[in-house]
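Below: the structure, in structure tokens.
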2 protein chains.
Amino acid sequence: MASTPEFRVERITATGTLTDRVFDALTQLINGEDFPPGARLPSELKMAGRFGVSRTVIREAVSRLKSEGLVESRQGSGVFVRDRNMHAPFRINPSIMDSIQSVLQVVELRMSLEGEIAALAAKRRTREQMAAIKRALKQIELDEQSGENGVDADIVFHRSIAEATGNPHFLALIEFLFNFLTKATLITRSYEATRAALSQQVKEEHQRIVDAISRQDEQAARTAAREHMEGASRRLGSVDLKRFMAQNGYEKVD
Amino acid sequence: MASTPEFRVERITATGTLTDRVFDALTQLINGEDFPPGARLPSELKMAGRFGVSRTVIREAVSRLKSEGLVESRQGSGVFVRDRNMHAPFRINPSIMDSIQSVLQVVELRMSLEGEIAALAAKRRTREQMAAIKRALKQIELDEQSGENGVDADIVFHRSIAEATGNPHFLALIEFLFNFLTKATLITRSYEATRAALSQQVKEEHQRIVDAISRQDEQAARTAAREHMEGASRRLGSVDLKRFMAQNGYEKVD
DNA sequence: CTTTGAAAAGTTGTCATACAAGATTACATA
DNA sequence: TATGTAATCTTGTATGACAACTTTTCAAAG
């Protein structure tokens, strides 16, 4: 019975399209106290009035809120804040990828996962999955010999292991993290390519993972994967990531 | 110099608003071969013509594509498919949460993380963070005594541990997973509440985690957290999740 | 023939208006 | 008081217009 709560039109972002700004403002209001879960947003017409924009802009902003899972709209009734639930996606703000430390934090997340993934893969892999893993490992060598940078093959390799867990969420999450780390990985590999010794090191790390999974030794697989990741992290830390990112068109901080 | 590639208007979803359908169709086209990264989508006017809808609908669909990180638009120039990068969010389709197995897969993901989180927390926690963890543990007991279901306090507890890792991504990811598992957790706790022995069991599991973190024993923390999660998983598996979800208004499969 | 520069055309961003479709509210009537 | 229907409100969609910006075209200058 309570009427639509009043809300402050505060702090409209100064940059970007009007839709961007309204979206940001509404996101703030929803994440704040102004519109708790279940609350109804003011009508599009009212919001247009308050924000001083057209209904078109409001609708596009709301459309994005829907996409983010923050609200849901019911024709004839209104737009309602979703009950803080399972529709909100997991995001990593790309603009944080501007420091070595930030990248390493994502690497650390991946590292944690790779260990568990390897262990689960060791426990559950089928014969077919094992074959796929070995194929992927072989492909890495082939790529190396033919002068490819090896990133794609590397991703296929780790993905084949994630698939062997039998849990699709591991695969999905790993792929998501790859999106962030692809370029960083490329760094490492190309860096390594200039040093045969290091490349050999990586090869051995890979082989240890595969062997452990092959003989279904959970603990060894976890350890091998973790060591591989730690090695990657160490190698990554030794290049000037910041300069690399600038050269490769990474986005600036907002 | 190549002209805008032709595209098939295929398989427009049969349900939902026009915006939903166009969004789905465009998503398919982008994920397929039709619009590779870097490609420019046809102009909004052309798409409106092809799909047989107004430009309004196209714009709202594109607005959602932007929100998903699939495309970016440049005024005066066009809408371009982003090259596979870091803007795509990680999602778990809520509609898969309809079977016990699916829920357990998410639980397994969380389980893997909790172990690593506990280990990292043991390694890095500050004195302040340790105090926060102990406060959170105490709050769980208080809530239990005052008859609360304890879910909120439980979340705060695990969150305080994730914070102690010093890596914000762990916290963000754990919170994301909580969104899926909150109700499932509630199940377990309320189930446990009816059995003092089980509740005691959980209390001991919690205590072991805290102790290990307190004395900065990485391995013990990992083991304790993993055992706690395995226990939760076991307890979760023993209730009729499907019926519970139906009673608690979980969404139906689309 | 090449370069230059400005007009023309194309595209996204924003506004305004209108009506359709569904939901809610108000109110007259039984 | 209960009921059903009209009035009203809200979101969904369509259309037309113009602003802001980019790309293309093409004629004039060198």
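In what follows, every chain begins at residue 1, and chains take the letters A, B, ... in the order their sequences are listed.
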* For A:V53, report the nucleic acid contact type (base, sugar-phosphate, nothing); a contact means any heavy atom under 4.0 Å. => sugar-phosphate
* Asked: Looking at CZ of A:F23 and CD of A:E60, how far apart are the two atoms once the value is rounded to the nearest 0.5 Å?
  -> 12.5 Å
* Verify the contact: side-chain N or O of B:K66 to OP1 or OP2 of C:dT12, cut-off strictly under 4.0 Å; return yes or no. => no
* Would you indicate which nucleotide in C:dG13, D:dT13, C:dT11 comes nearest to any side-chain atom of B:S43? => C:dT11
* Using a cut-off of strictly less than 4.0 Å, decide whether A:T56 has a side-chain nitrogen or oxygen near OP1 or OP2 of C:dA16. => no
* A:V57, nearest nucleotide to its side chain (from D:dG12, C:dC15, D:dA19) -> C:dC15
* Asked: Taking only side-chain nitrogens and oxygens of A:S73, does any of them come within less than 4.0 Å of OP1 or OP2 of D:dG12?
  -> yes
* State which of C:dT12, D:dT13, C:dT24 makes the closest approach to the side chain of B:V79. => C:dT12
* Test for a donor-acceptor pair under 3.5 Å between the base of C:dA16 and the side chain of A:S54, counting only N and O atoms. => no
* Asked: Can you find an N or O donor on one side and an acceptor on the other, under 3.5 Å apart, linking the side chain of A:R74 with the base of D:dG12?
  -> no
* Asked: Considering only side-chain heavy atoms of B:R55, which listed nucleotide, C:dT11, D:dT11, C:dG13, is closest?
  -> C:dG13
* Among A:D20, A:T27, A:T19, find the one that has a side-chain hydrogen bond (donor to acceptor under 3.5 Å, both in side chains) with A:R64. => A:D20
